[in-house]
Amino acid sequence: MSAKQNRILIFGAGVIGSMYAIKLIEAGFDVTLFARSHRFKSLRENGLQYKEKDTVKSIQVNVMDTLENDDVYDFIFVTVRYDRSESALLALKDNQSKNIVTMTNNSIGFSSWLDIVGDRLLPAFPGFGGQIKDGVLHARFPPKIIAATAFGEMNGAVTERIENLAKLFKTAKLPYVVKKDMQAYLITHSVLDIAMMSFLHSENKIIDKNTARKTAHKITVTLKAYLRAIQQAGVSIDPPILKMVLKFPNLFLNLFFTTWLRTKMVRDMMLPDYANHANNEIVQLSNDLMKFLSQNDIKSELHVR
């Protein structure tokens, strides 16, 4: 499989979509970004701008704001937030492309997504993050040993399209891991996000030492409660190392989260635009997780925040 044989549409030109676009374009793939409104205009006029080693660079990218049903791609990456996932899939419902890769959280399972796009669905999750400030992408790449794009068939099979997607990522030198149970992986990740990001709901955006300690304890208690709950629902905690969280003393975890809350990454998260957008996603993730647990007759100390 050569890069020239693959047409890739990235549906969503935010942080994740932009980062994949850069890497895949640099690897020689035929990449198109789907964007709307101001982002579409910015990409058309300025290219995809990103910061690298204190220098703002730009890469030209095909960009569109309208997708025809017969405009077929080998892979469509859906890189929108969870709270926008269904509307994005509805926009792709009648497009004839066979592989729709959802690069987003999911805390309830795939039923509603399957109702829209059927077996074209291929769940995944990105291995990096960042922010877009004034139209410029500021990427954050965690160490490859702890972060990689995860993807897999819903039944765990290693199909031809899984192998092709793996080759695509290998060509682009993007770390990846093929998962046998993407639902377990995504629910576990959603639990982490719900616990660790829920502090963004607070109106107090100043994280001083006292606030950090109190917030860290809330994160610890919430995370443990949710991990126990999904285990009771029959979800395998993935990555398995997170099972250790249930064994660590609260004091240890409190110290870890207190330190994390004082980092620059968290200070960036407290910026209004990021916080407001993240809040919408966390609210829906939390609501849907509660539905999932209720469907599995799980009742525990979940309302601890």
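The structure displayed is predicted, hence computed values, not measured ones.
Residues in residues 40-56 take part in these side chain to side chain donor-acceptor pair (under 3.5 Å) pairs, two or more places apart or across chains: Glu52-Lys57. Annotation: salt bridge (Lys or Arg N to Asp or Glu O under 4.0 Å) contacts involving residues 149-158, sequence neighbours excluded, comprise Glu153-Arg161. The stretch residues 174-187 participates, sequence neighbours left out, in these side chain to side chain donor-acceptor pair (under 3.5 Å) pairs: Lys179-Asp238. Pairs engaging residues 91-115 under the salt bridge (Lys or Arg N to Asp or Glu O under 4.0 Å) rule: none recorded [sequence neighbours left out].
Rounding to the nearest 0.5 angstrom, the gap separating the CZ atom in Phe34 from the CG atom in Leu67 is 6.5 Å. Of the inter-residue distances, the one linking Lys23 atom NZ with Thr171 atom OG1 reads 14.0 Å to the nearest 0.5 angstrom. Interatomic distance, OG of Ser107 versus CD1 of Ile230, reported as 10.5 Å (0.5 Å rounding). Between the OH atom of Tyr82 and the CD atom of Gln284 there is a distance of 5.5 Å, given to the nearest 0.5 Å. Separating the CG atom in Leu285 from the CD1 atom in Ile187 is a distance of 11.0 Å, to the nearest 0.5 Å.
Applying the side-chain contact (heavy atoms from CB on, under 4.5 Å) test to Asp70 and every residue at least two apart in sequence or in another chain returns Glu68. The side-chain contact (heavy atoms from CB on, under 4.5 Å) test applied to Asn296 returns Ala233, Phe292, Ile298, not counting sequence neighbours. For Ser236, there are no side chain to side chain donor-acceptor pair (under 3.5 Å) partners, not counting sequence neighbours. Checked against ring-ring contact (aromatic ring centres under 6.0 Å, His included), Tyr73 has no partners two or more places apart in sequence or in another chain. Annotation: side chain to side chain donor-acceptor pair (under 3.5 Å) contacts of Ser97 (sequence neighbours excluded): Asn95. Applying the side chain to side chain donor-acceptor pair (under 3.5 Å) test to Thr104 and every residue at least two apart in sequence or in another chain returns nothing. Under the side-chain contact (heavy atoms from CB on, under 4.5 Å) criterion, Ser18 pairs with Arg39, Leu48, Ile132, Leu137, sequence neighbours left out.
Between the side chain of Thr215 and the backbone N or O of Ala212 there is no donor-acceptor pair closer than 3.5 Å. A distance-only check finds no donor-acceptor pair linking the side chain of Ser294 to the backbone of Met290 [under 3.5 Å]. With Thr79 contributing its side chain and Gly12 its backbone, the two residues share a donor-acceptor pair below 3.5 Å. Looking at Asp74, its side chain does come within 3.5 Å of a backbone N or O of Arg7 through a donor-acceptor pair. At least one donor-acceptor pair closer than 3.5 Å links the side chain of Ser190 to the backbone N or O of Leu186. The closest donor-acceptor contact from the side chain of Asn106 to the backbone of Ile108 lies under 3.5 Å.
Counted within 6.0 Å of CG on Asn210, heavy atoms from surrounding residues, nucleotides or ligands total more than 12; the atom is thus considered enclosed. More than 12 heavy atoms of other residues, nucleotides or ligands lie within 6.0 Å of CG in Asn155, so this atom counts as buried by the packing criterion.
Note: Phe169 and Tyr20 have perpendicular aromatic rings, judged against thresholds of 30 and 60 degrees for the angle between ring planes.
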Going through the distances and angles, do Leu24 and Phe77 end up as a side chain to side chain contact (heavy atoms under 4.5 Å, CB included)?
CA-CA 12 Å; Leu24 294 170; Phe77 291 174; 3.8 Å; yes

What's the verdict on side chain to side chain contact (heavy atoms under 4.5 Å, CB included) for Asp30 and Asn6, showing C-alpha distance, side-chain angles and the deciding distance?
CA-CA 6 Å; Asp30 180 358; Asn6 284 266; over 6 Å; no

Could you pull out every donor-acceptor pair under 3.5 Å between side chains of residues 243-259 and any protein atom, sequence neighbours left out?
residue: Asn250; atom: OD1; partner: Lys224; partner atom: NZ; Å: 2.7
residue: Asn254; atom: OD1; partner: Thr220; partner atom: OG1; Å: 2.8
residue: Asn254; atom: ND2; partner: His217; partner atom: ND1; Å: 3.3
residue: Asn254; atom: ND2; partner: Asn250; partner atom: O; Å: 3.4
residue: Thr258; atom: OG1; partner: Asn254; partner atom: O; Å: 2.6
residue: Thr259; atom: OG1; partner: Leu255; partner atom: O; Å: 3.0

